[in-house]
Amino acid sequence: MVEKSLILIKPDAMERGLSGEIIKRIEEEGLTLIGIKMLHMDMALAEKHYAPHKDKPFFKSLTGYISSAPIVAAVFEGEGAVDLIRKIMGTTDPAKAAEGTIRGDLGIDIEHNSIHGSDSAETAKKEIELFFQKDELFSF
């Protein structure tokens, strides 16, 4: 099934100039980039984006980190996009992520893991709407 999924290239990856490498890795797996923007997320957007984690002890650290520097938000489209991107990203903790995955190769630690990706088609829809207007996305 053709799906859309959101990724966020996090501050640690942006600071190390890895946005192009991350996008390339996803495109090389056959997904199509249909929307992209660079932004400096404010705390209000960070809190909306990470709302499912609001009761967890790491919420304040997570929102503070993602809003600490510019990020890239991008939408990819393709067959099974959500699961494919999650496979390409690797597990959340880079120390446990497989070699060849974005987090395994580029992540620093569990917080500075270079990339966020939607965890389901339903979540992707909500996340995409937080970052993009419909007229900012293209299908080819």
Side-chain angles (χ1 to χ4, degrees):
M1 182 163 125
V2 174
E3 299 174 325
K4 292 178 180 67
S5 189
L6 178 86
I7 68 153
L8 300 177
I9 301 174
K10 294 181 177 182
D12 67 279
M14 293 297 293
E15 290 166 358
R16 292 179 291 139
L18 298 173
S19 59
E21 174 66 21
I22 290 170
I23 291 165
K24 177 180 147 235
R25 287 182 181 215
I26 296 169
E27 287 181 319
E28 285 178 340
E29 293 295 325
L31 297 176
T32 303
L33 179 64
I34 63 166
I36 189 167
K37 62 173 70 171
M38 187 169 157
L39 66 138
H40 196 142
M41 193 184 310
D42 62 22
M43 188 58 72
L45 180 55
E47 289 175 352
K48 280 183 195 173
H49 177 69
Y50 285 119
H53 302 295
K54 69 179 174 220
D55 295 326
K56 297 192 175 139
F58 57 83
F59 180 72
K60 188 172 183 166
S61 174
L62 190 61
T63 55
Y65 168 63
I66 199 72
S67 62
S68 68
I71 63 164
V72 167
V75 179
F76 286 88
E77 182 177 70
E79 193 71 32
V82 172
D83 288 340
L84 182 54
I85 288 173
R86 296 203 61 79
K87 180 181 168 193
I88 297 164
M89 288 189 322
T91 60
T92 305
D93 184 349
K96 298 176 182 172
E99 188 177 318
T101 64
I102 291 169
R103 289 173 172 158
D105 295 348
L106 307 175
I108 298 170
D109 58 41
I110 199 159
E111 185 173 89
H112 304 92
N113 62 12
S114 301
I115 186 171
H116 162 85
S118 302
D119 63 7
S120 70
E122 298 80 30
T123 302
K125 184 178 183 325
K126 292 174 189 171
E127 290 180 343
I128 291 166
E129 289 173 355
L130 279 177
F131 291 92
F132 291 89
Q133 301 296 313
K134 285 187 182 199
D135 65 352
E136 294 178 306
L137 301 176
F138 304 92
S139 288
F140 297 94

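As a basis for the values below, the full set of heavy atoms in this structure was taken, side chains included, without hydrogen atoms, waters or symmetry mates.
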* side chain to side chain contact (heavy atoms under 4.5 Å, CB included) evaluation trace for Thr101 with Lys87 -> CA-CA 7 Å; Thr101 64; Lys87 180 181 168 193; over 6 Å; no

* May I have the step-by-step check of salt bridge (Lys or Arg N to Asp or Glu O under 4.0 Å) for Glu29 and Arg25, ending in yes or no? => CA-CA 7 Å; Glu29 293 295 325; Arg25 287 182 181 215; over 6 Å; no

* side chain to side chain contact (heavy atoms under 4.5 Å, CB included) evaluation trace for His116 with His49 -> CA-CA 11 Å; His116 162 85; His49 177 69; 3.4 Å; yes

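Clustering of Ile, Leu, Val, Met, Phe, Trp and Tyr by side-chain heavy atoms under 4.5 Å joins Leu18 with Ile7, Ile9, Met14, Ile22, Ile23, Ile26, Leu31, Leu33, Ile36, Met38, Val72, Phe76, Leu84, Ile85, Ile88, Met89, Ile102, Leu106, Ile115.
Between Asn113 and Ile108, every side-chain heavy-atom pair lies at or beyond the 4.5 Å cut-off.
Contacts classified as side-chain hydrogen bond (donor to acceptor under 3.5 Å, both in side chains) and involving residues 63-82 (residues at least two apart or in different chains) are given here: Lys4-Glu77, Asp12-Tyr65, Glu77-Ser139. Every pair passing salt bridge (Lys or Arg N to Asp or Glu O under 4.0 Å) that includes a residue from residues 30-57 is listed here, sequence neighbours excluded: Lys37-Glu136.
Lys96 pairs by the side chain to side chain contact (heavy atoms under 4.5 Å, CB included) definition with Thr91, Asp93, not counting sequence neighbours. Remark: His53 pairs with Phe58 by the ring pair (Phe, Tyr, Trp, His ring centres under 6.0 Å) rule, at least two apart or across chains. In this structure Asp83 satisfies the side chain to side chain donor-acceptor pair (under 3.5 Å) test with no other residue, sequence neighbours excluded. Remark: Phe132 pairs with no residue by the ring pair (Phe, Tyr, Trp, His ring centres under 6.0 Å) rule, at least two apart or across chains. Evaluation of the side chain to side chain contact (heavy atoms under 4.5 Å, CB included) rule for Asp109 yields Glu111, His112 as partners, not counting sequence neighbours. For Ala69, the side chain to side chain contact (heavy atoms under 4.5 Å, CB included) test picks out Pro11, Glu15, with sequence neighbours left out. The side chain to side chain contact (heavy atoms under 4.5 Å, CB included) check on Asp119 picks up Arg86, Thr123, with sequence neighbours excluded. For Ser118, the side chain to side chain donor-acceptor pair (under 3.5 Å) partners two or more places apart in sequence, or in a different chain, are Glu127. For Glu27, there are no side chain to side chain donor-acceptor pair (under 3.5 Å) partners two or more places apart in sequence or in a different chain.
Lys10 NZ to Ser19 OG: the interatomic distance, rounded to the nearest 0.5 Å, is 15.5 Å.
Note: the hydrophobic cluster containing Leu45 does not contain Met43 (ILVMFWY, side chain heavy atoms under 4.5 Å, direct or indirect links). At a threshold of 4.5 Å between side-chain heavy atoms, the hydrophobic network of Ile, Leu, Val, Met, Phe, Trp and Tyr places Met41 and Phe59 in one connected group. Residues Leu130 and Leu62 share a single hydrophobic cluster, defined by chaining ILVMFWY side chains whose heavy atoms lie under 4.5 Å apart. Linking ILVMFWY side-chain heavy atoms closer than 4.5 Å, directly or via other members, places Val82 and Leu8 in two distinct hydrophobic clusters.
Within the 3.5 Å criterion, the main-chain N or O of Gly90 finds a donor-acceptor partner in the side chain of Arg103.
Heavy-atom contacts from other residues, nucleotides or ligands closer than 6.0 Å to CD of Glu28 number more than 12.
Contact check on Lys125 versus Glu122 returns no salt bridge, with no Lys/Arg side-chain nitrogen under 4.0 Å from an Asp/Glu carboxylate oxygen.
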